[in-house]
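Let me begin by presenting the structure, written as structure tokens, before commenting on it.
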Amino acid sequence: MSTVFPPEPQLREADQDQPLYVPIKRRSFFMYAGATAGATALVLAGCSKSDSSPGTIDVGAGDAGILNYAYALEQLEAAFYAQVKTGGYYTGSTITAAEKQIFDDLALHEAIHRDFLKAALQANSITPLKDLTPNFSSIDFGSRDQVLAAAQTFEDTGVAAYNGAGRFITSNANLALAGKIVSVEARHAALIRDLRSYGKFVDSDVVNTFSPSAPATAGVYSGEGTPNSTPNTQGNGNPGPGQERSKRPPQILQAVNNFLADGSKLSAGSFA
Amino acid sequence: MDFFQLLTDLEKADPEFLDRINPRRRVFKYLGNAGQKITAAAVPAVLASFFNRAYGQSTTLTDPVKAVLTLALQLEYLEYHFYNTALGISGLVPSQETTAITTIRNDEAGHINALRGVLGSAAPAPYLVTDFDYSGGSGSGNGPMRNALIPNAAGNTNGALFFAAGQAFSDTGQRAYKGGAPILNTTATKDILEAALNIHSVEARHNSHFRTVRRALVANALGSAGAQAVSPYDAAPKSWVNLIDNGGPTAPDGSKPASKVYGPGSPASGAPDTSYPGEDNVSQAGTNLTTLNSTYTAAAVSEAFDEPLDAATVKSIALLFTSTSGKAKGLFQ
């Protein structure tokens, strides 16, 4: 197990530009803190408050921070679907058997993600984030439209969040685990979107949709445009053609905090 | 050396210079505020970093990174030509799905452009539609999926076999990207990693839609996402993978040509980034997740996670769909 989650947040390898804008903050702090797993958890807890926004809980730094960030998102999704299952739309008489099955599945998947992340954090002596208190007061759980719209928001947000968090993960094992989850979130998002507006499983709000020119010769596609030897800027919602609009943790949490009660709102100061 | 004068000159010589390094613009903001913190000795290293970002990484891509991106590009061509060909065959794609298949085809074209761009001079020559054998016959043209591009041929009423193939291709794609991601996780290739992740989730969205269409076909409800999945989910699947979906779609000859798409890769067990269990896997990071809660059945747990696939297994699947001319070009080898 200890190989899966490193017992202490790993310093990102010397990235030439890192020292320029993070001169003396958390990363260099860890450089000198050859802490044990337990001590690291304490360090994380201590660090969280220093550079987080007032009134928010910072998810922390390093892989532990990203795992807790994922745990927070999964807590929120699981809480949402649990509430869907007790709400008027799900329990009413108009819902189809197919949609009921879909929400049963979604509720299970997200609860499994949540419990998996918590167990994995604990198994690696990383203190899990507290149980968050959601605030779904803006959602009418008796309305199919509102439930589906909110589900789409949570699923699309989850995909953009995992995609934008990948670059901050040091351990390949953790990156692989995130990859196993994010594609399931994308499956959810696509189906909810199709239920709301058929054929919108991909649309320009979540994917940088691309319209190719017709190839000059049938059966040949050489690509087009000026080859750009670096990928387009990532994490700013403006990726390369045909790609999901990944977003960085602070951007995601700005939206997510609307669904969290005071005292449970989050920040991610280390992952700008 | 006057560092700031150099940047100014660079911008004059190449007005797009600052755009090219847009992700790092904050660096300049910082420099403006506290440039004196950069010592003369650090300047060459700093500059090297800028130039690498601004003017391309293709020459510095390592062989493992190139291999991941090249396999991804080959898979994108496999998909692009399949959907593009289908859209050109009158009567194959039902009218309710023309827009969706066009969207998917366009996304694949975008992925081809993105990957060719990142690979730069290391990109292979474009693969042609004739480099593929969409019958799944390894070049014989007579494989079990040969009716997938023939309108309403046996097993292909309303494009059923076409959508089955689309499901198998996009699942192969999402598992391949998942398997390749750890190799892209180096300090120098974080942007490339994120681009790959952003393609990976789009493949999963496509796959979800193919599955939705296949449910609708069985329920005779084309154009609706509301049809019910039917166990054991090989013909009318959920939008996520339930165990191994009973081996995936069945071909007209009764075979299961996509069964390897849902099965284990090699090795099947070990650390998450170097092992490739089948889609029915219930253990993550060493924990059997069915033990966490009595409602967490093996089926539910398997649905909640997709599994990566190793390059060798991906190639062995894709080679079934490679023609003799494709093989001569080294496609999927």
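First the proteins, then the strands, lettered A, B, ... as listed; each starts at 1.
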Is there side-chain contact between [X] and [Y], with at least one heavy-atom pair below 4.5 Å?
| X | Y | result |
| --- | --- | --- |
| D191(B) | R167(A) | yes |
| N106(B) | T209(A) | no |
| H188(A) | W240(B) | yes |
| L193(B) | L175(A) | yes |
| D115(A) | L289(B) | no |
| V202(A) | D107(B) | yes |

Test item: [X] side-chain N/O and [Y] main-chain N/O as donor-acceptor pair under 3.5 Å:
| X | Y | result |
| --- | --- | --- |
| H209(B) | A190(A) | no |
| R187(A) | A204(B) | no |
| N185(B) | I169(A) | yes |
| Y77(B) | Y221(A) | yes |

Quick one, E194(B) with Q243(A), criterion side-chain contact (heavy atoms from CB on, under 4.5 Å). Give me CA distance, side-chain angles, the key distance, then yes/no. CA-CA 10 Å; E194(B) 193 163 331; Q243(A) 296 176 29; over 6 Å; no
Which heavy atom of [X] sits nearest to which heavy atom of [Y], and what is that distance?
| X | Y | value |
| --- | --- | --- |
| S201(B) | N163(A) | OG-ND2, 3.0 Å |
| A304(B) | V184(A) | O-CG2, 3.4 Å |
| A98(A) | G226(B) | CB-O, 3.1 Å |
| L197(B) | G166(A) | CD1-CA, 3.9 Å |
| R205(B) | A186(A) | CG-O, 3.8 Å |
| L292(B) | A119(A) | CD2-CB, 4.5 Å |

Measure [X] against the heavy atoms of chain A and call it side chain, backbone, both or neither at under 4.5 Å.
| X | result |
| --- | --- |
| N281(B) | side chain |
| E303(B) | both |
| T99(B) | neither |
| T186(B) | neither |
| H200(B) | side chain |
| Q96(B) | backbone |
| A227(B) | backbone |
| D171(B) | side chain |

Between I104(B) and F201(A), is a side-chain contact (heavy atoms from CB on, under 4.5 Å) present by the stated rule, with each step listed? CA-CA 10 Å; I104(B) 294 173; F201(A) 54 99; 3.7 Å; yes
Worked check of side-chain contact (heavy atoms from CB on, under 4.5 Å) between F210(A) and E108(B): CA-CA 9 Å; F210(A) 173 77; E108(B) 311 303 4; over 6 Å; no
Can you tell me how far [atom2] of [Y] sits from [atom1] of [X], rounded to the nearest 0.5 angstrom?
| X | Y | atom1 | atom2 | value |
| --- | --- | --- | --- | --- |
| K200(A) | T103(B) | NZ | OG1 | 7.5 Å |
| T96(A) | Q228(B) | OG1 | CD | 7.5 Å |
| S208(B) | E155(A) | OG | CD | 10.0 Å |
| Q284(B) | I112(A) | CD | CD1 | 10.5 Å |
| D105(A) | S239(B) | CG | OG | 9.5 Å |

What class does the angle between the rings of H113(A) and F305(B) fall in, given that below 30° is parallel, 30 to 60° is tilted and above 60° is perpendicular? perpendicular
Region of R193(A) in contact with chain B, defined by heavy-atom distances below 4.5 Å: side chain
Relative to chain B, which segment of E99(A) carries a heavy atom at a distance below 4.5 Å: side chain, backbone, both, or neither? neither
Chain B interface, residue from [options] that has the most non-hydrogen pairs under 4.5 Å:
| options | result |
| --- | --- |
| A160(A), G164(A), S183(A), A176(A) | S183(A) |
| L195(A), L191(A), L108(A) | L191(A) |
| G199(A), S211(A), G179(A) | G179(A) |

Of the listed residues (T274(B), I112(B), T297(B), I183(B)), which shares the most heavy-atom pairs with chain A below a 4.5 Å separation? I112(B)
Look at D194(A) together with R211(B) and state whether they make a salt bridge at an N to O cut-off of under 4.0 Å. no
